[in-house]
S.K.: 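Let me begin by handing over the structure; questions about it come next.
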Amino acid sequence: MGTVAQDSGALTPRAADFPRWYQEVVAQAELAENGPVRGTMVIRPWGFAIWELLQSELDRRIKAAGAQNAYFPLFIPEQFLQLEASHVEGFKPELWVVTHGGGAPLEEPVVVRPTSETVVNHFFAKWIHSHRDLPLLINQWSNVVRWELRTRLFLRTSEFLWQEGHTAHATEAEASAYAVRILEDVYRDVTEGVMGIPTLVGHKTARERFAGAVRTWTCEGMMGDGKALQLGTSHELGDNFARAFGTTFSDPTGATRYVFQTSWGVSTRLVGGLIMVHGDDYGLRLPPALAPRHVVVMVVRAGESTGKAAAAVADDLASRGLRVHLDDRAEPSFGRRAIDWERKGVPVRVELGPREVAEGTAILVTRHDRAKTPVALAGLADAVVEALDTTARRLYQEALAFREARLRRVATVAEAIEAAASGFAVLPAASLDAGGEDRLAEAGVTVRCLQRDDGSLAPDDGDDLVAVVGRAY
RNA sequence: CGGGGCGUAGCGCAGUCUGGUUAGCGCACGUGCUUUGGGAGCACGAGGUCCCCGGUUCAAAUCCGGGCGCCCCGACCA
């Protein structure tokens with residue numbers, strides 16, 4: 001029954017079997033496990049704490065971009081979905097539909113939201129009357145539910161948690177600018193600056209575009225097996241939904257006009273990306289900003305003197321504003337406890353035994369390189385702060401070096417397919433004409449994004465652009 | 001929806017072909033002692049509708065019929 005043993009033995013080396021390694025890390029770091037209904041996920045406390053930290057980083061930036069949080073219902077009238085043609089077409093295969101309630105068939109079935117553009121627009125149409133009501137910038141934190149054939153914890157589950165932003169603007173240019181702003185100031189900033197994942201940005205080809213969007217922006221990361229993971233997307237919806245739902249406003253001249261909209265989201269999938277980018281053969285490695293505990297103070301031999309010393313060190317570190325956990329358990333053995341914290345990805349451990357207590361030192365262990373350094377207690381807090389700083393920098397640098405080593409600039413579709421076996425290929429967008437994208441798809445390779453040659457965003461498709469292609473999750 | 005496989009203790013499995021004492025092993029769990037500087041050892045212990053329903057039989061985890069559930073591999077997707 002293919003489930004991963006919860007216990008002990010060493011992890012499967014990452015290079016030996018990446019998917020298996022991933023499953024084992026998720027299980028043994030106690031991040032999540034499967035729910036009783038196929039495709040569902042239980043997020044365990046350690047995993048959820050990581051998500052909460054991510055949430056607060058995202059939420060702060062979303063609010064800084066002017067959006068307000070609100071909440072829309074889980075259930076959506078089936079008819080709503082049908083109002084926007086390409087939207088319903090895109091989501092039809094993924095819908096869960098509730099047909100019964102109170103023990104009897106419902107008169108009109110309701111769908112469980114796969115995303116909320118439709119309900120949101122129903123209310124936007126009601127709330128927006130004047131150009132003075134614009135822009136309307138709304139975000140919601142919620143769960144969404146989609147039928148999925150093949151699921152993987154965090155990466156693809158039938159139900160997942162996310163944030164979805166929905167905005168309405170007076171002009172297309174303003175909507176466009178806002179979608180890009182979210183991509184850059186929220187998603188790229190969080191994935192690179194907080195998660196330490198180097199990110200490629202661009203827009204999707206028509207084939208990869210969100211159902212109902214006129215343009216989809218994306219940030220893409222390279223995972224530890226060379227495959228791409230879409231980390232966040234930001235859509236320009238044009239006036240497609242506005243026309244479908246009659247979301248109009250009176251402009252300053254008194255003319256009735258459709259609003260232009262955006263929607264954008266990132267999900268608990270980010271946690272999966274974090275694992276796949278930074279994890280190593282010893283388990284998870286967390287960037288300090290997302291570590292539920294920055295530092296664990298471990299007692300090496302439980303005893304009165306070590307216990308007291310460790311508690312004092314933990315208090316001292318906590319007073320510096322660090323998230324500290326004191327592990328002064330006598331059981332299980334020291335090695336067992338050390339490995340457990342290592343697997344959970346805690347960036348720094350401070351180990352204190354009788355020897356250190358006698359010397360007035362502690363052992364500082366950095367998770368990212370597993371290095372151990374004796375440090376005088378007097379300078380410990382500074383050393384920990386510095387180690388956290390180094391950890392954040394090094395994780396990003398390692399991920400960047402990995403991506404650079406596996407990114408090849410090529411000239412043809414054939415070369416791109418070959419390069420995608422181990423990483424990304426960058427090829428002239430012009431070579432995608434004449435069925436190039438189809439030939440990639442036949443080889444299991446997709447266009448992750450289109451961008452300018454220098455990696456910057458391009459306003460439109462064009463032959464002067466490059467396509468970043470690869471295998472993807 | 002096609003192809004393959006599996007349901008036995010919390011988890012992972014053996015036992016099923018060839019029916020026969022009290023259904024077993026590893027891990028995890030509980031208690032005690034010895035341990036504790038990188039995955040502790042020993043002893044004792046607790047834990048089971050053998051997926052469900054029916055049939056065959058003196059006797060079913062095992063054989064037969066039916067059902068249910070799950071996993072893996074192929075076409076969509078944050």
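A, B, ... follow the sequence lines: proteins, then strands. Residue 1 opens every chain.
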S.K.: Is the backbone of K204(A) close enough, under 3.5 Å, to the side chain of R209(A) for a donor and an acceptor to pair up by distance?
M.R.: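 No; zero donor-acceptor contacts below 3.5 Å.
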
S.K.: Starting from the 5' end of RNA chain B, give me the residue, G265(A) or G39(A), whose nearest nucleotide shows up first.
M.R.: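 Counting from the 5' end, the first nearest nucleotide belongs to G39(A).
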
S.K.: Hey, are the side chains of R146(A) and F160(A) touching, using non-hydrogen atoms and a 4.5 Å cut-off?
M.R.: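 They are in side-chain contact.
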
S.K.: N139(A) pairs by side chain to side chain donor-acceptor pair (under 3.5 Å) with which of H166(A), Q163(A), E164(A)?
M.R.: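 Exactly one pass, corresponding to Q163(A).
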
S.K.: Take atom P in A46(B) and the same atom in U57(B), then report the distance between them in whole Å.
M.R.: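 My reading of the P atoms in A46(B) and U57(B) gives 38 Å.
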
S.K.: C27(B) pairs with which nucleotide, Watson-Crick or G-U wobble, both distances below 3.5 Å?
M.R.: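 Partner of C27(B): G10(B).
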
S.K.: Is it the case that G37(B) (base atoms only) and K372(A) (side chain only) share a donor and an acceptor within less than 3.5 Å, ignoring hydrogens and angles?
M.R.: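 Such a pair does not exist between side chain and base.
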
S.K.: With a 6.0 Å cut-off on the ring centroids, do H169(A) and Y178(A) count as close?
M.R.: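 Aromatic pair counts; centres sit under 6.0 Å.
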
S.K.: Looking at the side chain of P354(A), which of A78(B), G37(B), C77(B) is the nearest nucleotide?
M.R.: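 Nearest to the side-chain atoms of P354(A), counting from C-beta on, is G37(B).
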
S.K.: Could you measure between the two C1' atoms, the one in U22(B) and the one in G48(B), and give it in whole Å?
M.R.: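 Rounded to whole Å, the distance is 13 Å.
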
S.K.: Please determine whether ring pair (Phe, Tyr, Trp, His ring centres under 6.0 Å) holds for the pair H87(A) and F241(A), giving the CA-CA distance in whole Å, both sets of side-chain angles, and the decisive distance to 0.1 Å.
M.R.: CA-CA 9 Å; H87(A) 190 68; F241(A) 286 89; 5.0 Å; yes

S.K.: When the C1' atoms of G10(B) and A28(B) are considered, how many whole Å apart are they?
M.R.: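 Those two atoms are separated by 7 Å.
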
S.K.: Fit a plane to each ring of H203(A) and W217(A), take the angle between them on a 0 to 90° scale, and name the class: parallel (under 30°), tilted (30 to 60°) or perpendicular (over 60°).
M.R.: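 The arrangement is perpendicular - the two ring planes meet at more than 60°.
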
S.K.: Is there a donor and acceptor pair closer than 3.5 Å between the side chain of E351(A) and the base of G37(B)?
M.R.: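 No, the side chain and the base share no sub-3.5 Å donor-acceptor pair.
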
S.K.: Once each nucleotide of nucleotides 30-36 of chain B is scored for protein heavy atoms under 4.0 Å, what B/S/- sequence comes out, 5' to 3'?
M.R.: -----BB

S.K.: So what does E94(A) touch, heavy atoms closer than 4.0 Å: a base, only the sugar-phosphate, or nothing?
M.R.: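 The answer is sugar-phosphate, as E94(A) gets under 4.0 Å only of primed atoms, P, OP1 or OP2.
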
S.K.: Between atom CD in E159(A) and atom C1' in A78(B), what is the gap in whole Å?
M.R.: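 After rounding, the reported distance stands at 13 Å.
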
S.K.: What's the closest nucleotide to the side chain of S267(A) if the choices are G39(B), A78(B), C77(B)?
M.R.: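 Of all the options, the side chain of S267(A) is nearest to A78(B).
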
S.K.: Can you tell me how far P in A43(B) sits from the matching atom in A61(B), rounded to whole Å?
M.R.: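 Result for the P pair: 32 Å, nearest Å.
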
S.K.: Over how many whole Å does the gap from W162(A) atom CH2 to C77(B) atom C1' extend?
M.R.: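 Atom-to-atom, W162(A) to C77(B), this comes out as 12 Å.
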
S.K.: Take atom P in A23(B) and the same atom in C68(B), then report the distance between them in whole Å.
M.R.: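 So the two P atoms sit 31 Å from each other.
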
S.K.: So, OP1 or OP2 of C73(B): does either fall under 4.0 Å of a side-chain N or O from R150(A)?
M.R.: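 R150(A) to C73(B) OP1/OP2: side-chain N or O found under 4.0 Å.
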
S.K.: Which listed nucleotide (G74(B), A78(B), G37(B)) is nearest to the side chain of R269(A)?
M.R.: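 Side chain of R269(A) sits closest to A78(B).
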
S.K.: Would you kindly check whether a donor in the side chain of E356(A) faces an acceptor in the base of G37(B), or vice versa, at under 3.5 angstrom?
M.R.: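 Side chain to base: pair found, below 3.5 Å.
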
S.K.: Mind checking R152(A) for me? I need base, sugar-phosphate or nothing, with any heavy atom below 4.0 Å counting as a touch.
M.R.: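 R152(A): no heavy atom of the nucleic acid under 4.0 Å.
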
S.K.: Using whole Å, report how far CG of L54(A) lies from P of A78(B).
M.R.: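 Checked: the CG to P distance equals 19 Å.
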
S.K.: Send over the distance from F210(A) CZ to A78(B) P, rounded to a whole Å.
M.R.: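 For the pair F210(A) CZ and A78(B) P, the rounded distance is 9 Å.
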
S.K.: Rounding to an integer number of angstrom, what distance separates G26(B) and G39(B) when you compare their C1' atoms?
M.R.: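 Rounded to whole Å, the distance is 16 Å.
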
S.K.: When we call it a touch if two heavy atoms are under 4.0 Å apart, what does L270(A) touch: a base, just sugar-phosphate, or nothing?
M.R.: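 Nothing: the residue L270(A), judged by heavy atoms under 4.0 Å, touches no strand.
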
S.K.: Is a donor on one side and an acceptor on the other found under 3.5 Å between the side chain of H278(A) and the backbone of M195(A)?
M.R.: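 The answer is yes, because a donor-acceptor pair under 3.5 Å joins these two groups.
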
S.K.: Contact class for E164(A) (heavy atom, under 4.0 Å): base, sugar-phosphate, or nothing?
M.R.: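 No contact.
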
S.K.: Please name the nucleotide paired to C33(B) by Watson-Crick or G-U wobble geometry with both distances under 3.5 Å, or report none.
M.R.: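 Base partner found: G41(B).
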
S.K.: Assess, by modelled atom type and distance only, whether the side chains of N121(A) and Q261(A) contain a donor and an acceptor separated by less than 3.5 Å.
M.R.: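 Side chains of N121(A) and Q261(A): pair found under 3.5 Å.
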
S.K.: Roughly how many Å is it from CG in N139(A) to P in A78(B), rounded to a whole number?
M.R.: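 Taking atom P of A78(B) as the reference, CG of N139(A) is at 18 Å.
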
S.K.: Mind checking the P distance from C64(B) to C44(B)? Whole angstroms is fine.
M.R.: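 Roughly 41 Å separates the two P atoms.
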
S.K.: For nucleotides C11(B) and U31(B), find the distance between their C1' atoms and express it as a whole number of Å.
M.R.: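 That atom pair is separated by 22 Å.
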
S.K.: Can you tell me the distance, in whole Å, between the NZ atom of K344(A) and the P atom of G38(B)?
M.R.: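 Result: 21 Å.
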
S.K.: Of the candidate nucleotides C76(B), G38(B), G37(B), which contains the atom at the shortest distance from the side chain of R355(A)?
M.R.: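 Within the option list, the nearest is G37(B).
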
S.K.: Show, in sequence, the C-alpha distance, side-chain angles and deciding distance for F80(A) and H122(A), and conclude whether the ring pair (Phe, Tyr, Trp, His ring centres under 6.0 Å) test is met.
M.R.: CA-CA 8 Å; F80(A) 280 21; H122(A) 179 79; 4.6 Å; yes

S.K.: Reading RNA chain B from 5' onward, which residue's closest nucleotide shows up sooner: T151(A) or P93(A)?
M.R.: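 That would be T151(A).
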
S.K.: So among R14(A), R370(A), R367(A), which one has a side chain to side chain donor-acceptor pair (under 3.5 Å) with D280(A)?
M.R.: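 So, applying the side chain to side chain donor-acceptor pair (under 3.5 Å) to D280(A) and each of R14(A), R370(A), R367(A), only R367(A) qualifies.
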
S.K.: Rounded to the nearest Å, what distance is computed from the CZ atom of residue R44(A) to the P atom of nucleotide G10(B)?
M.R.: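 Atom-to-atom, R44(A) to G10(B), this comes out as 17 Å.
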
S.K.: Quick one: R20(A) CZ to C71(B) P, roughly how many Å, whole number?
M.R.: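 Distance, rounded to whole Å: 17 Å.
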
S.K.: Using a heavy-atom cut-off of under 4.0 Å over every strand shown, decide if T157(A) touches base, sugar-phosphate, or nothing.
M.R.: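 If one applies the 4.0 Å heavy-atom cut-off, T157(A) turns out to touch a base.
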
S.K.: Under 3.5 Å for both donor-acceptor distances, Watson-Crick or wobble: does C1(B) have a partner, and if so which one?
M.R.: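 Partner of C1(B): G74(B).
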
